[in-house]
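What follows is a set of notes on a single structure, which appears directly below.
Quick note on labels: first sequence line is chain A, next is B, and so on, each numbered from 1.
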2 protein chains.
Amino acid sequence: MSDLLERLRERGWRLTAQRRVVAEVLDGDHVHYTADEVHARATDRLPEIARATVYNTLSELVAIGEVLEVSTDGRAKRYDPNARHTHQHLVCSRCGTIRDVHPTGDPLKALPEAERYGFTIADATVTYRGTCPNCAS
Amino acid sequence: MSDLLERLRERGWRLTAQRRVVAEVLDGDHVHYTADEVHARATDRLPEIARATVYNTLSELVAIGEVLEVSTDGRAKRYDPNARHTHQHLVCSRCGTIRDVHPTGDPLKALPEAERYGFTIADATVTYRGTCPNCAS
DNA sequence: ATCCTACCTTGGACATTGTCTAAGTCAAGA
DNA sequence: TCTTGACTTAGACAATGTCCAAGGTAGGAT
């Protein structure tokens, strides 16, 4: 994420304190915060940042492909900065913990032509669900 | 779904008009209604049915495995009565249409032991995204 | 350096989806 | 037919996300 701000500037985006802070919050591996978690962490650094600004910035980052939107449970969407290397997710059904994982093979190849119904398929996402070591008790 | 009501009775569930109507609405193939769509259709047959009852009944059907909960887009969850034959979903990014599809192979096998982080994995869901023939224009 | 202006941010109202509760109703066994 | 505990109801509430008008500001233009 470190050069994200430069990439934004190249796109002609105005570089504001708010956008900078949101990008900093999303920096790291295995980060999967909800919008409100991002807002809470951003507020630590920039107390007056508005919730709407966090939502706006996250949507923009998703639109340009810098961040992935992940909805594993039908609750709040989560934001994953690891958009540069394709990966899938492993979710604990009990506590909701998410890990990035890398299955072998390409799920797109597993869908026969007869099962595509004329769609132009862009991608496939795989979500593994189970119980994490902590919750196995 | 036709024998769903019998299976419910076997489980000692009270058979009410409301539950009957919800089960009827969910009867069919390629059905993926949201809770509010189920409610709207149920209201056609039983005008005074409450929203909360639809939510309750859907949750019960999911809990006993008769119906699958599908969240493809982070918006409203959808309910899929085709729970007896495992399948995956193909979603149009434009209009949201959902088709049931049957990929070959088992995605569980594609996740190496080293990528399981000690989780006990129960299942894997695959969501294919693309553009449907209608939206391709 | 300062000015301009289009773009960004803010706060709060509003929308959507889902959950909870207290009171009334009813299915099904006795 | 009676009884009773499970079910349903209406509506308040909660969680998440979107929209808007008014004010602020980044960064190019002068």
Atom CG of B:Asp44: over 12 foreign heavy atoms under 6.0 Å = yes

Write down the distance between CZ (B:Arg11) and P (C:dA27), rounded to a whole number of angstrom.
-> 22 Å

Would you call B:Val22 and B:Ile49 a side-chain contact if the rule is heavy atoms closer than 4.5 Å?
-> yes

Rounded to the nearest Å, what distance is computed from the CD atom of residue B:Glu69 to the C1' atom of nucleotide C:dT19?
-> 13 Å

Let me check something: any side-chain donor-acceptor pairs from residues 53-65 of chain A under 3.5 Å, sequence neighbours excluded? List them with distances.
from    : atom 1 : to      : atom 2 : distance (Å)
A:Asn56 : ND2    : A:Ala52 : O      : 3.4
A:Thr57 : OG1    : A:Thr53 : O      : 2.9
A:Ser59 : OG     : A:Tyr55 : O      : 3.0
A:Glu60 : OE1    : A:Arg19 : NH2    : 3.3
A:Glu60 : OE2    : A:Arg19 : NH2    : 3.4

Can you check the A:Arg14 CZ to C:dT9 C1' distance for me, whole Å?
-> 10 Å

Length of the OH-P vector between A:Tyr79 and D:dT16, whole Å | 12 Å

Whole-Å distance, A:Leu8 CG to D:dA26 P, equals 16 Å

Within residues 38-57 of chain A, find the residues that approach DNA chain D with a heavy atom at under 4.0 Å, and present them sorted by residue number.
-> A:Arg51, A:Ala52, A:Tyr55

Ignoring backbone atoms, establish whether B:Gln18 has a side-chain N or O less than 4.0 Å from OP1 or OP2 of D:dT9.
-> yes

A:Phe119 six-ring face occupied by B:Arg99 cation (under 6.0 Å, within 45°) = no

Let me know, please, whether B:Ser59 or B:Trp13 comes out on the 5' side of the other along DNA chain C by nearest nucleotide.
-> B:Ser59

Side-chain N or O of A:Thr16 less than 4.0 angstrom from OP1 or OP2 on C:dT9?
-> yes

Nearest-angstrom distance from the residue atom NZ of A:Lys77 to P of C:dT17 | 11 Å

From the options B:Asp80, B:Thr127, B:Thr125, select the one residue that forms a side chain to side chain donor-acceptor pair (under 3.5 Å) with B:His89.
-> B:Asp80

Do the charged groups of A:Glu69 and A:Arg78 touch, with an N to O distance under 4.0 Å?
-> no

Establish whether A:Val91 and A:Leu68 are linked, either directly or via other cluster members, by ILVMFWY side-chain heavy-atom contacts under 4.5 Å.
-> no

To the nearest Å, how far apart are A:Arg20 CZ and D:dT25 P?
-> 15 Å

Axis bend over the full length of the helix from C:dA1-D:dT30 to C:dA30-D:dT1, computed from five pairs that close each end, to 10 degrees | 20°

Rounded to the nearest Å, what distance is computed from the CZ atom of residue B:Arg78 to the P atom of nucleotide C:dT16?
-> 15 Å

Would you indicate whether A:Asn134, at its atom CG, is surrounded by more than 12 heavy atoms from other residues, nucleotides or ligands within a distance under 6.0 Å?
-> no

Under 4.0 angstrom between B:Arg75 side-chain N/O and C:dT17 OP1 or OP2 | yes

Do A:Ser93 side-chain atoms and A:Gly130 backbone N/O form a donor-acceptor pair below 3.5 Å?
-> yes

